[in-house]
Protein chains: 2
Amino acid sequence: MADVAARAGVSKKTVSNYFNGYRYMRPDTRARIEAAVVELNYKMNISARNLSSGRTGTISLAIPELAHPYFAELAQAVVSAAQLHDLNVLVEVTDGDREHELEILNGSRGRSVDGLIFGPLALEPSDIDSARIDVPTVLIGDRVHRGRFDFVSVDNEAGAHAATRHLIDAGHTRIAALGFDEDLSPTAAAQRQHGYLRALAEAGLPVDPALTIGPLVWNRAGGADGVRRLLASGAAFDAVFGFNDAIALGAMSELSHHGLRVPDDVALMGFDDVQDAAYSVPGLTTVDSGRDWVARTAVDLLVLRMSAAAGGAAADEAPPVDVHTAAFSLVRRSTA
Amino acid sequence: MADVAARAGVSKKTVSNYFNGYRYMRPDTRARIEAAVVELNYKMNISARNLSSGRTGTISLAIPELAHPYFAELAQAVVSAAQLHDLNVLVEVTDGDREHELEILNGSRGRSVDGLIFGPLALEPSDIDSARIDVPTVLIGDRVHRGRFDFVSVDNEAGAHAATRHLIDAGHTRIAALGFDEDLSPTAAAQRQHGYLRALAEAGLPVDPALTIGPLVWNRAGGADGVRRLLASGAAFDAVFGFNDAIALGAMSELSHHGLRVPDDVALMGFDDVQDAAYSVPGLTTVDSGRDWVARTAVDLLVLRMSAAAGGAAADEAPPVDVHTAAFSLVRRSTA
DNA sequence: CTGAAAGCGCTAACAG
DNA sequence: CTGTTAGCGCTTTCAG
């Protein structure tokens with residue numbers, strides 16, 4: 001940088017200004033610097049800038065998995081949203097593993113970032129609130145967190161209610177739910193479960209334990225497995241509600257293996273509106289849970305927190321928020 | 001760090017050694033440092049370490065898209081492979097946009113990384129070879145590059161040949177190919193095209209231009225569109241080979257919309273063996289193109305280059321390699 | 001609009 | 001096995 005400054009006949013500070021988009025600079029000064037930069041093929045050392053400025057211009061996104069359509073699409077949306085703020089994103093995959101998630105929390109991964117968007121799976125809320133996180137953090141995802149950190153989620157209960165209601169309105173009365181869990185911890189699963197149960201109750205439909213399948217892994221294999229268990233139970237059913245699209249798609253596959261046609265023999269409903277859902281055969285009816293909204297909101301919130309932190313605000317200056325969208329929408333395709 | 005050193009009664013260097021896993025240290029020294037670290041809740045400043053050491057411990061993965069199953073799975077594999085080397089990965093999404101890809105090349109994204117794994121889409125080989133990249137780089141993906149950089153790819157030609165051959169062996173003679181391109185640039189598309197044509201030629205089957213559909217976008221929508229064009233042409237066909245799984249899956253969807261059953265009315269073949277392929281209905285027969293192998297190999301190669309560069313080796317010391325696997329395998333499921 | 005000086009917090013020799 | 005001494009290449013005051 002000193003070389004560039006010398007070549008352009010200005011001081012280092014001026015070159016620094018140039019790179020940081022400082023507005024008040026004589027055009028000829030700017031031009032001389034520009035020339036010097038290309039002649040010397042100068043590239044700023046970002047590490048030095050990071051050290052000096054105390055910022056890195058990157059945030060971390062820590063999620064359980066990337067090869068899962070939902071997370072892939074979420075990550076894509078986060079990267080796009082971050083780009084709008086000139087932020088890079090480091091992707092960390094936790095595998096939903098407790099140890100790994102703890103490492104994320106106490107920053108022992110040897111990365112330096114300005115902020116963290118974290119979707120924990122294995123960690124308890126207490127783990128998270130007792131962690132000594134040193135960067136601004138916003139939580140997303142399955143587990144419901146009302147603690148020290150901002151939490152962005154979708155209205156799972158209302159979405160699942162709408163989905164179930166849709167099935168009921170179509171005349172189905174024996175609606176199997178794939179993704180149930182005994183675990184009472186406040187998760188997306190639990191909320192979707194509540195939405196399902198509420199819709200049933202409102203319609204005066206009984207809850208048949210044989211139709212509530214779970215726990216199961218929330219991927220296609222899990223959905224396929226769920227259908228197998230459902231069939232094994234011998235219970236009659238005329239519709240299946242998979243608590244996410246992967247489950248529903250896996251269910252669709254397995255139903256067909258057993259000669260059951262969708263939607264003729266059994267109606268099928270998913271949740272999330274992942275890209276796959278649009279192109280399955282038949283097209284999966286599902287609920288758009290507002291994945292992009294989550295990504296955008298999480299990034300915007302994080303940026304807010306980051307600038308507050310940079311401005312030297314105390315951590316408790318602005319209390320943590322807990323936002324969730326109600327902007328889900330039912331996406332009608334062929335299966336229900 | 002000075003504080004920790006003082007509290008532990010050692011010098012900064014010793015603390016530094018502690019953090020960098022220096023082996024020769026008296027247990028009690030180590031213990032004292034450890035204690036001081038927790039008491040002070042000390043966290044090393046990674047930016048400072050980066051500046052000082054000239055390394056950042058992160059690599060960048062630049063791909064056209066993340067919400068696409070193939071790339072999502074590739075990214076996942078890269079992250080896993082990088083973890084083995086204690087490397088973090090920054091994901092940059094280019095949208096296959098030329099400007100964006102150029103930004104990646106000349107590092108003007110304001111990120112500092114030790115290496116780059118780059119899957120360009122829009123850039124010509126000449127763009128890439130004339131770029132002034134300053135970090136070790138390995139190229140992956142669609143375009144075939146034989147230039148200044150290492151290039152990792154799969155044996156598209158052989159894979160497509162095997163796929164087509166499989167269809168022919170099953171008795172199909174009018175095999176439509178979805179993903180053709182007039183563009184003669186050496187791409188994965190072109191290679192798969194060659195494999196297809198060679199298999200046809202070897203079997204003495206004619207090439208009907210009405211059956212070679214393209215160019216089209218390599219996603220599900222493109223596949224659906226391809227089928228529409230195929231149908232519109234009025235040409236008879238008994239099998240469809242989608243040049244990737246997304247195309248094939250989109251084709252499957254569209255075929256069904258038109259009342260054509262797979263595989264009864266028409267056989268279907270994909271390429272890549274993306275997770276979706278296993279769970280579609282019916283399960284998609286496809287070719288595993290060795291995606292994980294690409295990720296692992298690219299990372300390993302990059303690490304090699306990085307340490308060579310760190311060791312002060314000249315850029316041309318070890319000439320660029322061009323590796324591709326022949327380890328594809330045909331994955332038989334239900335569609336062909 | 002520009003310049004000078006003082007660090008940011010760590011690692012890298014090299015000597016002990 | 002440990003300590004000393006220099007920087008790494010920027011940004012940041014604070015003047016001008």
Going by the ring pair (Phe, Tyr, Trp, His ring centres under 6.0 Å) test, which pairs reach into residues 27-52 of chain B, not counting sequence neighbours?
-> Phe19(B)-Tyr42(B)
Got a sec, which pairs hit ring pair (Phe, Tyr, Trp, His ring centres under 6.0 Å) with one end in residues 108-131 of chain B, sequence neighbours left out?
-> none
Calculate the interatomic distance between [X] atom [atom1] and [N] atom [atom2]; express it in whole Å.
| X | N | atom1 | atom2 | answer |
| --- | --- | --- | --- | --- |
| Asp3(B) | dG9(C) | CG | P | 10 Å |
| Asn17(B) | dC10(C) | CG | P | 14 Å |
| Arg32(B) | dT2(D) | CZ | C1' | 11 Å |
| Tyr18(A) | dG9(D) | OH | P | 20 Å |
| Leu40(B) | dG9(C) | CG | C1' | 15 Å |
| Arg55(B) | dA12(C) | CZ | C1' | 11 Å |

Taking only residues two or more places apart in sequence or in another chain, which ones pass side chain to side chain donor-acceptor pair (under 3.5 Å) with [X]?
| X | answer |
| --- | --- |
| Arg296(B) | none |
| Gln83(B) | none |
| Glu92(A) | Ser60(A), Arg109(A), Arg111(A) |
| Glu124(A) | Arg143(A) |

Which atoms of nucleotides 3-5 of chain C (N or O only) lie under 3.5 Å from a protein N or O atom, and what are those distances?
unit_1, atom_1, unit_2, atom_2, d
dG3(C), OP2, Ser11(A), N, 2.5
dG3(C), OP2, Ser11(A), OG, 3.3
dG3(C), OP2, Thr14(A), OG1, 3.1

Applying side chain to side chain contact (heavy atoms under 4.5 Å, CB included), name anything that partners Asp134(B), two or more places apart in sequence or on another chain.
-> Lys43(A)
Inter-end axis angle, the helix from dC1(C)-dG16(D) to dG16(C)-dC1(D), with every axis fitted to five base pairs (rounded, 10 degrees) | 10°
Shortest side-chain distance from Arg26(B), nucleotide among dT11(D), dT2(D), dT2(C) | dT2(D)
Where at least one partner belongs to residues 62-79 of chain A, residue pairs that pass salt bridge (Lys or Arg N to Asp or Glu O under 4.0 Å), sequence neighbours excluded | Glu73(A)-Arg291(A)
Enumerate the residues from residues 42-51 of chain A whose closest heavy atom to DNA chain D is under 4.0 Å, giving them by residue number; use none for an empty result.
-> Tyr42(A), Met44(A), Asn45(A), Ala48(A), Arg49(A)
Tell me, yes or no, whether the heavy-atom count around Arg55(A) atom CZ, taken from other residues, nucleotides or ligands under 6.0 Å, exceeds 12.
-> no
Can you give the donor-acceptor pairs under 3.5 Å from side chains of residues 297-304 of chain B to other protein atoms, not counting sequence neighbours?
unit_1, atom_1, unit_2, atom_2, d
Thr297(B), OG1, Trp293(B), O, 2.6
Asp300(B), OD1, His85(B), NE2, 3.0

